[in-house]
A.B. asks: 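Pasting a structure below so you can have a look.
Keep in mind the model is a prediction, meaning the values are calculated, not measured. The analysis underlying the following values was restricted to heavy atoms, covering all of them including side chains, and did not include hydrogens, waters or symmetry mates.
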Amino acid sequence: MSLIHDSPLNIEQIERNFRDIAPALNEAEAVLESNRCIYCYDAPCTRACPTHIDVPSFIKKIASGNLLGSARVIFDANPIGATCARVCPVEVLCEGACVEKTLMDKPIEIGRLQRYATDFVMQNERGVLTAGTPNGKSVGIIGSGPAGLSCAAYLARLGYAITIYDKKPLPGGLDTYGMAEYKMSQIVSVDEARQIERLGVKFRLNTEIISNTKTEDRKPKTENQVSFEDLQSRHDAIFLAIGLGATNKLNIEGENLNGVIDALDFIERIKTRDWKSIPLGRIVAIIGAGNTAVDAVTQAKRLGAERVFMVYRKTAKEMPAYEYEYELAKKDGVEFVWQAAPIAILSGENGLSLRCEKTDGSNQVIEIACDMIIKAIGQQKQHSFLSQIPDVRLDEKGRIIVNTETMQTTNPRIFAGGDCVNGGREAVDAAQTGKLAAQGIHFNLMGEQVEFAGAKIPFIEKIHGEMPAITPAAFDEPAIPAEDLGVKSYG
Amino acid sequence: MADLSVNFAGIKSPNPFWLASAPPTNMGSMVERAFEAGWGGAVWKTLGEPIVNVCSRLASLDNGANRMIGLNNIELITDRPLDVNLKEIYECKKKYPNNAVIVSLMVESKREAWHEIVKKAQDTGADGFELNFGCPHGMSERGMGAAMGQVPEYTCMVTEWVKEVSNLPVIVKLTPNVTNIVPPGRAAAKGGADAVSLINTINSVMGVDIDSMIPYPNVNGMAAHGGYCGTAVKPIALNMVSELARDAEINIPISGIGGINTWRDAVEFLLLGASNVQVCTAVMHYGYRIIEDMIDGLNNYLDEKGFASVNDIVGLSVPRVTDWGALDLNYKTVARVNFENCIRCNLCHIACEDGAHQCIDFTEVNGLRYPIVDEQECVGCNLCYLVCPAPGAISMVRLDDGSNPTTWRDLTSRPPETMTGD
Ligand SMILES: Cc1cc2nc3c(=O)[nH]c(=O)nc-3n(C[C@H](O)[C@H](O)[C@H](O)COP(=O)(O)OP(=O)(O)OC[C@H]3O[C@@H](n4cnc5c(N)ncnc54)[C@H](O)[C@@H]3O)c2cc1C
Ligand SMILES: Cc1cc2nc3c(=O)[nH]c(=O)nc-3n(C[C@H](O)[C@H](O)[C@H](O)COP(=O)(O)O)c2cc1C
Ligand code: SF4
Ligand code: SF4
Ligand code: SF4
């Protein structure tokens, strides 16, 4: 087995490779960029942001030198605004809809401005949100990812006693364990969780919730395990924000060989930044072509793999990753093997061999010699956990069925949001579901309707049909707003 | 290539661009560098009795990331000895006989004082005088500068004193710190001035440091009002220049000053009646080198428009300036959105909604939402057109056929009954 356990690059080189891809703006840049925003009304960027942050408002506050107020606008609509500033696929969200993109293909750098404002309060530990007066109700949240954190922040603002349970040692879910290191390191999402902790939210980390307690061997055995029933008796309502599960299986021969690893595990190792301890092949093949696959392949290359291959059973056109992620992979020197379906993984003297059958009609069988294979073909649903929760129904794809306005499941005391409901999208989508769930829980427990910032798309009501008719001249490709682009899912 | 040379009240210069009396004309070596760069003339930093300047003396108005769209100063006249300046003026003029060198003067309001300095200064070979009746700070507290320019009788009197002994053309530099610029302009003409120049700087407090609560510029914890100039003052200067150009009693040339940055600005001053222009702040910001594009741009403009000489465009827009009462009330325009250029920022909507006449709503075209103007309601005020960031997205379209012009004067001079009804 030739799997190497040490990158050939020196630490400085690796650190350089993992530098922020969208670095912090300095003051001069922030002034210039914030002043470039034209302060649109009913702004397309705000519409395109899934949490509907009032983008022109926070940008103008940067321009006026009111950074505290700017950060408040952001966190008010998105409690994980510092994370989102770095990891959001802004090209297809806010920045994709920016009128300055339509005008001259130079959208305002909304993500980096958002980072500028949120960095200001995070670095100065200036709390911008305040906890509400205790209302005597308690809510248990399973999962400390973006959905769980967001819901917790809003409920704490309403005065609820909140406990977040997570089986991982650090809070943040995939924000902490899954984001490409060149987009964001763990410190940001963990700090953001601390900001929410300061609202009085309790975190019980290293604590797994067990739902299937009927069979003896699944009963909580250690103090690190808590049964779902237990949780139900402790809290007035429960919010499920458990995300997705492990990477899907290939179901082919050799899948369990040494050197074949799961993209999520690989990325989780990278997140430690303990560069020299991360197992890495000289030649690495990634199976899959979604955003996770791009994250894994670019990080393998940046860590020091000599050659990296991306193996996908369909064509480049059908690749599920975003266009700009594909561009990044190309820039990083990734080699692509299109229309090749893996049929077996073989081990030989010089390492591994990925055997594929061409799907271009030729049925030709090819072998890709490598010494590490990363599987990135989407995440499984947490079916075995969810199926045991009383009265919570799942759809045919294993997603929890909810009322999309209140995030209430078919069990009225249980709410759900994030990847386990939408099947896997972006952190910012998960944050929005947490906000909606907080409103839903509050209505359910207290009978009061609240509306947090960005709960709804701001909308100019009047659209007149019978205005003097002016026939528009021929359209040169009108700008497509991001919301019409269709949000692709992560996987 | 058009002929850019001008003869301004008898003062010849190779082009209409002069440096205004200010720091860029502080001394011989500077003026010489300016002439090398291409400036046609220079009005020397004002000479007078010895003064002492404060240290911190400039402050600026920024617009977002745009620095110094307005500048404010509390600098006084030259702080260099009179004989040194006079010697340098002499040498400079000898070295650059084709460039215009004008000596700016300001002394106390005494006939002898003015006589004395004029006599001294005209031995330098300079081409003319500019009387600084405009400085609005410091010098005015001592009864000079704007203190003279604000009282037409003084303006006339001092101009007469100077004319008694001067054998050079005399330009009177006016202060804009008056409610009506015409009386000081007429007073200068009456006193025998060969030309006027305007504007000098405008009274201003530039701002306050909101942490220390000390206004700018901070001079050891205190501040005084200063004189405002630069880009932001151009419209005020244009108005005052055109007011004098329109006045039948003022028939002397005008030197236009205030907020000139580019050849375009200069052309606007010329069209509104200035025969040449002077520049200060733009040079303080970017240096003498800006003259290159000023000359080049003006040349190209004149060639493209078919004018052989820059003098041919002087005053061409003056007949287009009139009083409100003479404007056509039947001229009707409306805004129209051109969807293919619209970027859907909705700024026109909110501007019209909250700042005008609530006539921009929305319509759907190909599934996208576009603003659309209710032409029945639109008063044609231009606001949406002005805020629109996308070139060509809004045009103001004329609806009347021009066949029936009516002015307020027409209406009010007719018998009352014709004004009733609709
Ligand atoms: C590799 C990868 C890269 C990504 N990159 C981006 C990106 O760049 N930008 C972006 O916007 N989105 C990205 N995403 C998507 C984004 O991470 C998810 O959409 C988002 O994290 C979903 O949030 P969540 O709160 O629903 O779940 P998660 O973030 O998955 O959080 C779920 C949490 O629940 C905990 N949990 C689960 N079950 C239990 C249990 N039984 N008991 C206790 N705790 C439990 C888990 O430990 C976890 O911490 C990426 C996803 C992946 C996989
Ligand atoms: C720092 C400074 C000093 C000035 N000093 C004088 C002066 O000594 N004499 C004078 O007539 N005008 C003086 N001015 C006014 C300028 O000559 C000019 O009239 C005014 O700045 C408007 O032109 P601008 O907008 O191009 O700057 C001064 C202006 C500034 C900024
Ligand atoms: S949260 Fe994400 S999508 Fe929303 S404005 Fe910020 S960067 Fe853009
Ligand atoms: S669309 Fe662009 S320019 Fe308009 S408000 Fe948003 S960021 Fe600013
Ligand atoms: S201001 Fe101009 S670009 Fe913006 S919506 Fe109106 S017409 Fe379109």
A.B. asks: Would you please name every residue forming a salt bridge (charged side-chain N to carboxylate O under 4.0 Å, His left out) with B:Arg57, sequence neighbours left out?
C.D. replies: B:Glu75

A.B. asks: Between B:Ile343 and A:Met104, does the side-chain contact (heavy atoms from CB on, under 4.5 Å) criterion hold? Intermediate values first, please.
C.D. replies: CA-CA 10 Å; B:Ile343 57 172; A:Met104 51 182 189; over 6 Å; no

A.B. asks: If you count the non-hydrogen atoms of other residues, nucleotides and ligands that lie under 6.0 Å from CZ in A:Arg198, is the total more than 12?
C.D. replies: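 Count over threshold, so yes.
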
A.B. asks: Taking everything shown except A:Glu318 itself, do over 12 heavy atoms lie less than 6.0 Å from its CD?
C.D. replies: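 Enclosed.
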
A.B. asks: How far apart are the closest heavy atoms of B:Ala65 and A:Asn35, and which atoms are they?
C.D. replies: N-ND2, 3.4 Å

A.B. asks: Heavy-atom distance under 4.5 Å between the side chains of B:Cys345 and A:Leu103, does that happen here?
C.D. replies: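 Heavy-atom side-chain distance check fails, nothing below 4.5 Å.
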
A.B. asks: What pairs with B:Tyr385 under ring pair (Phe, Tyr, Trp, His ring centres under 6.0 Å), at least two apart in sequence or on another chain?
C.D. replies: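 Residues passing ring pair (Phe, Tyr, Trp, His ring centres under 6.0 Å) with B:Tyr385: none at all.
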
A.B. asks: Hey, what do you get for OH (A:Tyr41) to CG (B:Asn346), rounding to the nearest 0.5 Å?
C.D. replies: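 Output value for this atom pair is 8.5 Å.
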
A.B. asks: Would one find more than 12 heavy atoms of other residues, nucleotides or ligands at under 6.0 Å from atom CD of A:Glu451?
C.D. replies: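 Yes - once you tally the heavy atoms of other residues, nucleotides and ligands closer than 6.0 Å, there are more than 12.
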
A.B. asks: I need the B:Leu347 CG to A:Asp42 CG distance, nearest 0.5 Å.
C.D. replies: 11.0 Å

A.B. asks: Rounded to the nearest 0.5 Å, what separation is found between the CZ atom of B:Arg344 and the CZ atom of A:Arg47?
C.D. replies: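 B:Arg344 atom CZ to A:Arg47 atom CZ measures 9.0 Å (nearest 0.5 Å).
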
